[in-house]
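Below is one structure, written out as structure tokens, with a few remarks after it.
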Amino acid sequence: MDRDILELLSEKIDMKKKSVEELLKMSMNEIREGIKELGKEPFDSNAKNEIEHNTNSEFIGKNIYYYRSVKSTNLIAKFLAPDVPDGSVIISKIQTKGKGRSGKKYESPDGGIWLSLILKPNIAPQKAPLLTLATAVAVTHTLEKLNIKAEIKWPNDVLINEKKVCGILTESIAKFNELETIIIGVGINSKIDINDFPNDIKENSISLQDVADNEISNEKIIGQFFEEFEKTYNEFIDENYENIFYEWRKHSHTIGKMVEIKQPLGKVLVGYAIGINEEGALIIEKPNGNLVKVLSGECREL
């Protein structure tokens with residue numbers, strides 16, 4: 001049992017007096033039920049009610065677990081995934097150990113939007129990475145409703161004015177090569193002061209409140225995102241990939257740029273980004289004219 005899960009469970013009102021040994025004796029089902037019940041406790045009922053009021057989606061976000069503080073919403077989502085319906089969402093006001101690609105720490109203070117989607121599509125595992133593209137498209141469409149122009153940096157960032165406003169982390173749960181669940185973590189710098197970030201993060205980050213025409217509401221943004229994501233997700237399920245690719249390319253900040261891709265084992269690839277293929281891989285033209293597809297890596301525009 002993950003210690004972080006037990007620490008979260010111990011915050012539940014009827015669990016506060018239990019020792020770690022007593023918690024360890026609980027069955028997995030009992031622990032999951034406890035975590036779910038904690039996510040339904042009304043520590044901020046106004047925020048939950050506002051999200052529900054602003055959500056017109058059919059199944060995305062219809063089942064929300066809302067926490068005051070967690071180590072990572074993806075961690076909680078992966079733990080609860082076997083026992084919650086498709087489209088369930090984990091939301092936390094704060095993440096204390098949020099992570100991005102390659103396990104990098106993701107700053108997640110109060111005022112931001114930190115959530116994870118739990119999806120159970122019947123798809124081939126190799127199609128899962130396309131959901132990162134679909135999510136980025138949904139985020140840009142959500143921000144357009146706020147009259148904010150955003151662009152997508154391959155593979156998983158959304159930018160405003162060349163600076164990061166949103167990060168996406170997609171993780172798959174598979175058994176015997178069969179995909180069971182996809183967890184999509186979404187973090188948006190909405191109502192936070194970027195000056196509170198460490199210097200190395202602050203210089204490349206931006207907050208929605210710094211560029212929005214009017215005062216923003218996290219609850220309204222979350223509700224709008226659920227709607228936009230559901231539209232794009234339905235296109236994905238219907239295998240209407242062409243429209244997703246079109247929208248991604250239209251909002252791309254990466255295509256047409258010279259880039260440096262840091263890959264596993266220290267491999268570095270430099271070239272001209274000419275597009276993405278049906279796998280969601282970035283197509284790079286190397287200085288010698290050869291074309292290379294890149295499925296993952298840390299992208300830096302030169």
Exercise for the section: Would you sort out whether S116 and I76 count as a side chain to side chain contact (heavy atoms under 4.5 Å, CB included), showing the intermediate values? Expected result: CA-CA 9 Å; S116 293; I76 305 304; over 6 Å; no
Donor-acceptor contact below 3.5 Å, side chain [X] vs main chain [Y]:
X    : Y    : value
N290 : K286 : no
K153 : C299 : yes
D193 : N195 : yes
N189 : I206 : yes
S88  : P85  : yes
S207 : D210 : no
S72  : N74  : yes

Indicate whether any N or O donor in one side chain lies under 3.5 Å from an N or O acceptor in the other, for [X] and [Y].
X    : Y    : answer
H141 : Q224 : no
T73  : S92  : no
N218 : S190 : yes

Does some side-chain heavy atom of [Y] sit less than 4.5 Å from a side-chain heavy atom of [X]?
X    : Y    : answer
W248 : T232 : no
L143 : L208 : yes
V186 : C166 : yes
L133 : Y241 : no
D213 : L146 : no
E301 : T254 : yes
D86  : L119 : yes
I31  : F79  : yes

Do you know the tightest heavy-atom contact between [X] and [Y]?
X    : Y    : answer
G297 : I261 : CA-CG2, 4.0 Å
H253 : K257 : O-NZ, 2.7 Å
Q209 : K191 : OE1-CA, 3.6 Å
L179 : S172 : CD1-CB, 3.6 Å
V158 : A150 : CG1-CB, 3.7 Å
K40  : N63  : NZ-OD1, 3.1 Å

Hydrophobic cluster membership, [X] vs [Y], 4.5 Å side-chain cutoff:
X    : Y    : answer
I255 : L159 : no
V139 : Y246 : no
I160 : I168 : yes
I94  : L75  : no
I184 : I237 : yes

For [X], is the [atom1] atom crowded, meaning more than 12 foreign heavy atoms sit under 6.0 Å from it?
X    : atom1 : value
F59  : CZ    : yes
D200 : CG    : yes
N161 : CG    : no
E58  : CD    : no
N122 : CG    : no

Any chance you could measure [X], atom [atom1], to [Y], atom [atom2], to the nearest 0.5 Å?
X    : Y    : atom1 : atom2 : value
I182 : L117 : CD1   : CG    : 11.0 Å
W114 : I222 : CH2   : CD1   : 11.0 Å
Q95  : L115 : CD    : CG    : 9.0 Å
I221 : I51  : CD1   : CD1   : 11.0 Å
I148 : T140 : CD1   : OG1   : 12.0 Å
K220 : K145 : NZ    : NZ    : 12.5 Å

Exercise for the section: Only one of K36, K120, K78, R32 passes salt bridge (charged side-chain N to carboxylate O under 4.0 Å, His left out) with D83; say which it is. Expected result: K36
Handout entry: Residue from E228, E235, E227 passing salt bridge (charged side-chain N to carboxylate O under 4.0 Å, His left out) with K231
Key = E228
Practice task
May I ask you to say whether K149 pairs ionically with E151, meaning some side-chain N is under 4.0 Å from a carboxylate O?
Solution key: yes
Problem - Hydrophobic cluster (4.5 angstrom, side-chain heavy atoms) - remaining members for V268 - result: M258, V270, Y272, I274, I283, L291, L302
Exercise for the section: Could you give me the CA-CA distance, side-chain angles and deciding distance for W154 and V259, then say whether side chain to side chain contact (heavy atoms under 4.5 Å, CB included) is met? Expected result: CA-CA 10 Å; W154 186 90; V259 297; over 6 Å; no
Practice task
For the pair F225 and I113, evaluate side chain to side chain contact (heavy atoms under 4.5 Å, CB included) and give the outcome as yes or no after the intermediate values.
Solution key: CA-CA 11 Å; F225 169 69; I113 294 172; over 6 Å; no
Practice task
Output, in order, the C-alpha distance, side-chain angles, deciding distance and verdict of side chain to side chain contact (heavy atoms under 4.5 Å, CB included) for K62 and F226.
Solution key: CA-CA 9 Å; K62 288 303 182 183; F226 288 164; over 6 Å; no
Practice task
Show your working on salt bridge (Lys or Arg N to Asp or Glu O under 4.0 Å) between E247 and K250 and close with a plain yes or no.
Solution key: CA-CA 5 Å; E247 289 295 323; K250 186 172 77 171; 3.5 Å; yes
